[in-house]
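In what follows, chains carry the letters A, B, and so on, assigned in the order in which the sequence lines appear, proteins first and then strands, with residues in each chain numbered from 1.
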Amino acid sequence: MNMVFVLILLSLSLACVAVWAVFWAINKGQFDDLDSPAYSILDDENESTDSLDNTDN
Amino acid sequence: MTVCYHCGETIPNGVNIIASLNSIDKPMCCIGCKAVAEFIIDNESQEFYQYRQDKYPHKSITQANDNWQHLDQKSVFESLTESTNKDLVLVSIKIEDMYCSACSWLLNKQFNKQAGINEVRINSMNHLMQIEFNPKIIKLSKIFNLIQQLGYKAVPQKLSEKNQNTEKNNYIKKIAVAGFGMMFIMTLSVPLYSENIGYIQAPIKRFLTIVSLIIATMVYFYAGRDFLKNAIRDLKNKHLGMDVPIALSISLTYIVSVISTFNRSSHIYFDSMSMFVFFLLIGRFIESQLKHKGMNVKESLSALIPVSVNRKIESNRYEVVPLSEVKKGDHLKVLNNDTIPCDGRVISGQCSVNESILTGESRGIKKDIGQIILAGSVITNGEIIFESITTNDNTFLAKLTDLMELAQSKKPEYLQKVDSIASYFIATVLFLAVLTFSWHWMHSPDKIMLAVISILIATCPCALSLATPSALSAASINLLKHGILTNNTGAITQLDAIKHWFFDKTGTLTESELSIDKIHEFSPYDGYLNIANAMQNNSNHPISSAFRHDDSIFFEKIQLINGQGIIANKKDQIWQMGSKKWFTSMDISIPEIKLSNNNTLVYLACNNILITAFELSNHIRNGSKELIQSLHNENVSLQILSGDSQSAVHNSASKLSIKKYKAELKAEEKIVAISEVQNLNEKCVMVGDGVNDAPVLSQADVSFSLKQGTYLAHSASDFIILGSSLKSIIHARKVSEKTNVIIKQNLIWSIFYNASIIPIAFMGLLEPWIAACGMSLSSLLVVLNSRRLL
C-alpha cells in the first residue's frame, strides 16, 4: 500500500516538470507567434552553402 | 485589366513597366514594386510569390531613400537596443504593411542570410520583429535599410513599448498551472468520490486530500490571483464587476475546503475550484487576445516623427540625440525632405513645409525666420535651424492624437454595455447566494456550503462574458478573409443598424490618382507627352499621378514652383507646365476651354508658347457604385463630405446618384456635419482615407479607412479596407447582421442556462463539480455557436 504514496509523489513531480517545461517554452517565446513558423519548412535550402554565398553581403 | 505582379494593384492607364524576373516578363505598377520584385528574385526568394496568402496590395512603394545613419549614433543606438550577450544586442522593429505570414517568411529568410545576425523573431500578429545581432559585424542602419529595400516600412520601437507579449505569456502560464492542477486534483478525487466502490484506508484518503490542498493552494494563489486582485479593486471603487462573484466563489470554495481538510469533514471542493479557475482563465484569455489587436493612437504618433534629432552643441557642431532628450530651447537642424521632430520657431534658413499630416493641405507652405513650424510636417524645400518651443510630449501633433483618443474614448462601447448588464446580473447572483445561505441555515444547515458554492459556480457569468467577444473575434477573422482588417471589434455589432453614411470624396469614392481624360492641342509639337511625363517625374504634386513614369528625356535644370508648376530647361527650350493662374501671371495667353466634367486643367508651354492643355479627372473607385446601390436599396441616407470644390463634388455625386453632398469643408466642419446627425441620437458611419479625415473618423460611430490612406487615419478608424474596392463594405454589413444574430443567441442561451440551473443549485441537489462542468459546457456551446461566423 505504501506504493501509492510513492507513485503519487512521483506523478506530482512529473507534473511539476511539465509545468516547468511549459514555463520554459513560454519564456523562450515559443508561443509568441503561432502563425509564421509554419512557413519555415519551406526554407529548405542548404544552410552551409547559403552562408558561404552571402559572406559578401 | 492587368494587375501588378508584386502588389496585385491594378496598373494605372499608361504605365508600362516590365520587370524581367528569372527571364520572364511580369507587369509592374510602379518603380518601387519593380525594385522590390527584382530584389526578391535576385535573393532567390521567389517562393514568396507562391506562398503568400493573398494579393492584397502593399501601399505603392516609394523608393528607398531614407537614410538610417542616425541610428548608429551611440546615444540613439543605446536607447533602441538592449544588450543580451557579450557581443549581441537585441532590437525591436515594428514592420508596417505586413499582413500575412509570407511577409514574415520573406523577412526571416533575408535576415537569416546576413552575417552578424544571430536570431530573428517575427511576430506577424503584432507586426513586431526582434533581431539579435552583433553590431560589430552588421550595423543597425543596414538592418533598417534592408527592411526598406524589401518594401516594408520599419519603425524603431522604444524599449518600453515592446513587451506586449508579457500579458499574453502570463495568461498562458496561469492556464498551464490551473490546467495541470485541475487534472491532478481530479485524478486524486476519483477515489474520494467513489467511496462506495471500494474501501480506502483512512491514511491514504488523508494523504490524497493533503496533496490536493497543496496543489489547490498553488492554483488559488498563482492562477487565481488576478480575479482576487480585480475583485478587491472593484470593491474599493464600489463597482460590481464580473470578478466579484468569481473571487467570492473561488475564495469560499477554497477556504471551506481548507477548513474541512483540517476538520476531517467531507466538504472538500478543490477539484471544482481549480476546474472553475481553469475555464475562467481560458475565457479571459480569448477576450484579452481580441482587445490587443487594435492599433493604438500613441503608437502611430511615434511612427510619424523621427527618433533622433541633430542638436547644436556649439557653433557649427551638431550631435545626434534621441528625440526624448530634446528640451525646450534647444537648437535643432532639419535637412531637406526630413520630418520636423518637434514644434519650434525658425531661427535661420528658410524652407517650404508640407503640413498635410496636420491640416490635409498638401500644398507647400513657406516658412521664414521667426515663423512657427509644427512637428510632423515635412520639409519639401530648403533646410533650417530652429529653436524648439515645447518638449516632445506637448507638440501640436501630440495634442491632435490626444483629441483623437478622447473622441475614441467617448464612443459608446458595446463591451461596456455588457459590463453594466453583468453588474446587475452579479448583484442578483450575490443576492441569490445570500438567500440560499439564509434559507439553508434555517432549514438544513448541513447543506449550506454545498448549496451556496453550487449557486455561485453554476451562475458564473462565464458564458455571458464570452457571448460577445467570441462572436466578435470570429467575425473579425471572417472580415479579414474578405479584405477588411478590424481595428475596433466593437464596431462590428453597430454597423448594420446605422442609417446615416458619410463619405469622403477624393481617394475614397474616387481614386486618388488622376488620369488624363482629354488632351487639347494648341500648337503642334511632336512628343509633348513625353516631355510632360518627364517633367512630372520630378514632382510629387497629386497632379503628377496622371502622368506615367518616363526617364528617357534629360533636362539640364528643373525647378519646382510650389503650388504653381514646373519649369524645365532642355537645350535652348524652356518648358513650363502648371496652372492657369500661373500662366496668366507670366502673360501666356490661354484660350477658353469648355470643360465637360469639371475636370482639372494643366497647361504645357514651351518658350512662352502654349502647346497643349491636359484635362485630368478622378475616376470613380472600383466598387463604389455597387456599394452605393446596395445602400440605396436599404434606404440608408447617404452624404458626401468633401474638402474639394463644389463643382467637382457635384460631378461625382451625380455620377454615383448621391443626392446630398457638402463641399469645401475643413476637418472641423466635417466633424460638425457628423455631430449634427449624432445630436439627433442617430449613429453614423464615415468612410474616408486622408489624414485630415482622422478626426472625423474618430468622431463617427463606425468608420472605415482605406489601406492607401495614412497611418493616422488607420488608427482612427474601426475598419481598414485592404483591397482597392469598396465592395467589401457590403460584405461587412452582412457579417455585422449575422454577428448580431449570433450574439443574441449566445446571450439568450447563457441567460436561459443560468436561470434554469439556479433552482436545482438552490435546493442543494447540485454537486459543485457538476456545476463547474455545466458552466464549462455552456461556455463551450457559446464559443462553438460563434464559430459559425467564420
Using a 6.0 Å cut-off, check whether atom CZ of R206(B) has over 12 heavy atoms from anything other than its own residue.
yes

Can you tell which part of L188(B) gets under 4.5 Å to a heavy atom of chain A, answering side chain, backbone, both or neither?
side chain

Does K139(B) have more than 12 heavy atoms from other residues, nucleotides or ligands lying within 6.0 Å of its NZ?
no

Spell out the residues in residues 20-27 of chain A that have some non-hydrogen atom less than 4.5 Å away from a non-hydrogen atom of chain B, in order of number; otherwise answer 'none'.
V22(A), F23(A), I26(A), N27(A)

Given a strict heavy-atom distance threshold of 4.5 Å, which part of L208(B) is in contact with chain A: side chain, backbone, both, or neither?
side chain

Measure the OG1-CD1 distance between T187(B) and I8(A) for me, rounded to the nearest 0.5 Å.
9.5 Å

Distance col, row Q30(A):CD vs N169(B):CG, nearest 0.5 angstrom, shows 11.0 Å

Note: vs chain A, highest number of non-hydrogen pairs under 4.5 angstrom among I214(B), I172(B), V211(B) is I172(B)

